[in-house]
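None of the values given here were measured: they were computed from a predicted structure.
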Amino acid sequence: WVDGELAAIAGAGEPDWVFAQWHIPAYDVGTRTSSTSQEQLRGLTAPFEGAVDWVFTGHEHLAQRMLPLRHDGVVAPSGNYGRGADDGVGYIVLPPAGTSPRTSVASPEGDQAHYRDWVAFPELEAEDTTVDSELGWAFVTLDGDTISLEIYGVGQIGSLVAPYVRDEITYVRP
C-alpha cells in the first residue's frame with residue numbers, strides 16, 4: 001500500500017513536500033516502545049528513502065527529533081534532511097500528552113545504546129538515563145523550498161508554563 005501511495009504521488013510530478021504519520025515510532029530513544037516493536041516498524045521506512053521528507057509519530061510521551069536517517073537507522077551520508085540520493089528522512093516524535101516530568105531513555109550501556117546515536121533532540125549527556133518530558137505541540141511552516149519545525153513545551157499538568165520553543169530546525173532544499 002505504501003509503495004502504491006508513494007508511486008501515485010511521484011506520478012503526479014515532483015511534490016513540494018511529502019509527509020507520513022503513524023502512532024508508534026520506528027526510531028526512538030525513549031523506552032516506552034519496545035525495541036522489538038521499533039525493529040518491526042522500521043521495515044515500513046524502506047520506501048521512504050528519496051520519497052518522504054518527514055515522518056511524524058507519537059506514543060512515546062517524549063518529544064524527539066532524529067538526525068536525518070536512511071532505512072534501518074543509518075545516518076544519512078550527507079548529514080542533510082531531504083530526498084536527495086545521500087540525504088535522510090526526518091523523524092519527529094511529537095510532544096507528549098504525558099504526565100511525567102522525566103522520561104526514561106535508552107541506557108548508555110544497554111543493548112539499545114546505539115539508539116542514542118540517532119537523536120538530534122533532546123541532547124543527551126553520556127550518563128543520561130532520563131530526560132525532561134512535558135506537554136506541548138509542534139508547528140510546521142512551509143514556505144516554498146523551506147520547512148521550519150518548532151517543538152513547543154508548556155510544562156506539566158498542574159504546573160503549566162508559558163509556551164516556549166524546546167527544539168527548532170529550518171531546512172532549505174538545495
Side-chain angles (χ1 to χ4, degrees), residues 1-96 103-108 110-124 131 137-142 144-151 167-174:
W1 177 83
V2 170
D3 290 336
E5 291 296 309
L6 291 173
I9 290 169
E14 181 65 22
D16 290 340
W17 296 98
V18 178
F19 303 105
Q21 184 277 326
W22 69 78
H23 185 72
I24 296 175
Y27 302 100
D28 172 23
V29 75
T31 59
R32 187 166 189 254
T33 304
S34 74
S35 61
T36 302
S37 293
Q38 288 185 56
E39 289 163 8
Q40 291 171 340
L41 289 168
R42 282 186 205 129
L44 297 175
T45 69
F48 293 168
E49 286 186 21
V52 172
D53 294 287
W54 290 87
V55 176
F56 299 94
T57 61
H59 184 74
E60 188 59 43
H61 295 217
L62 171 62
Q64 300 170 67
R65 176 174 48 88
M66 301 298 126
L67 295 170
L69 294 178
R70 310 284 292 173
H71 174 63
D72 214 17
V74 175
V75 177
S78 70
N80 293 321
Y81 296 102
R83 289 184 265 156
D86 290 328
D87 298 340
V89 177
Y91 290 87
I92 298 278
V93 181
L94 293 174
T103 298
S104 296
V105 294
S107 166
D111 62 350
Q112 296 179 38
H114 63 282
Y115 289 14
R116 298 166 67 93
D117 297 337
W118 301 338
V119 178
F121 172 84
E123 292 184 21
L124 298 174
V131 293
W137 60 81
F139 278 117
V140 177
T141 305
L142 302 174
D145 286 339
T146 303
I147 183 171
S148 297
L149 298 129
E150 296 173 312
I151 295 177
D167 181 45
E168 62 185 326
I169 184 169
T170 297
Y171 172 75
V172 180
R173 277 208 195 120

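Partner of Pro122 under the side-chain contact (heavy atoms from CB on, under 4.5 Å) criterion, out of Val131, Thr103, Ile151, Val105: Val131 alone.
Looking only at atom types and distance, the side chain of Tyr115 has no donor-acceptor partner in the side chain of Ser35 under 3.5 Å away.
Between Phe56 and Val140, some side-chain heavy-atom pair lies under the 4.5 Å cut-off. Using a 4.5 Å cut-off on side-chain heavy atoms (C-beta onward), Leu69 and Val75 make contact.
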Original post:
For Leu6 and Val18, what are the C-alpha separation, side-chain angles and deciding distance, and is it a side-chain contact (heavy atoms from CB on, under 4.5 Å)?
Top reply: CA-CA 9 Å; Leu6 291 173; Val18 178; 4.3 Å; yes
**OP:** Would you check, one step at a time, whether the test side-chain contact (heavy atoms from CB on, under 4.5 Å) holds for Thr45 with Val89?
**Re:** CA-CA 9 Å; Thr45 69; Val89 177; over 6 Å; no
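In this structure, Leu94 CG and Thr57 OG1 are separated by 6.5 Å, a value rounded to the nearest 0.5 Å. A distance of 8.5 Å separates CG of Leu149 from CG of Leu142, quoted to the nearest 0.5 Å. Here the CG atom belonging to Leu62 is positioned 8.0 Å from the CZ atom belonging to Phe121, to the nearest 0.5 angstrom. In this structure, Phe48 CZ and Arg70 CZ are separated by 13.5 Å, a value rounded to the nearest 0.5 Å. The OG1 atom of Thr33 lies 9.0 Å from the NE2 atom of His61; values are rounded to the nearest 0.5 Å. Between the NE2 atom in His59 and the CG atom in Leu41 there is a gap of 9.5 Å [rounded to 0.5 Å].
Not a single donor-acceptor pair under 3.5 Å links the side chain of Arg173 to the backbone N or O of Arg83. Judged by distance alone, with hydrogens and angles left aside, the side-chain atoms of Trp22 form a donor-acceptor pair with the main-chain N or O of Ile24 at under 3.5 Å. Between the side chain of Ser78 and the backbone N or O of Asp86 there is at least one donor-acceptor pair closer than 3.5 Å.
Both tests do not hold together for Arg42 against Tyr91: distance to the six-membered ring centre under 6.0 Å, angle to the ring axis within 45°.
Using cut-offs of 30° and 60° on the angle between ring planes, the pair Trp118 and His114 is perpendicular. Using a 30° and 60° split on the angle between ring planes, Tyr81 and Tyr171 fall in the perpendicular class, above 60°. Between Trp17 and Phe19, the ring planes lie parallel to each other; the angle is under 30°, not in the 30° to 60° tilted range.
Pairing each heavy atom of Leu44 with each of Pro47, the nearest pair is O-CD, 3.3 Å. Between Pro68 and Gly79, the closest heavy-atom pair is CG-O, 3.4 Å. Residues Asp87 and Gly82 come closest through the heavy atom pair CB-O, 3.3 Å. Considering every non-hydrogen atom in both Ala113 and Pro108, the closest pair reads CB-O, 3.3 Å. In plain terms, the two heavy atoms of Gln64 and Asp28 that are nearest each other are NE2-OD1, 2.6 Å.
For the pair Arg32 and Glu60, the salt-bridge criterion is not met [side-chain N within less than 4.0 Å of a carboxylate O].
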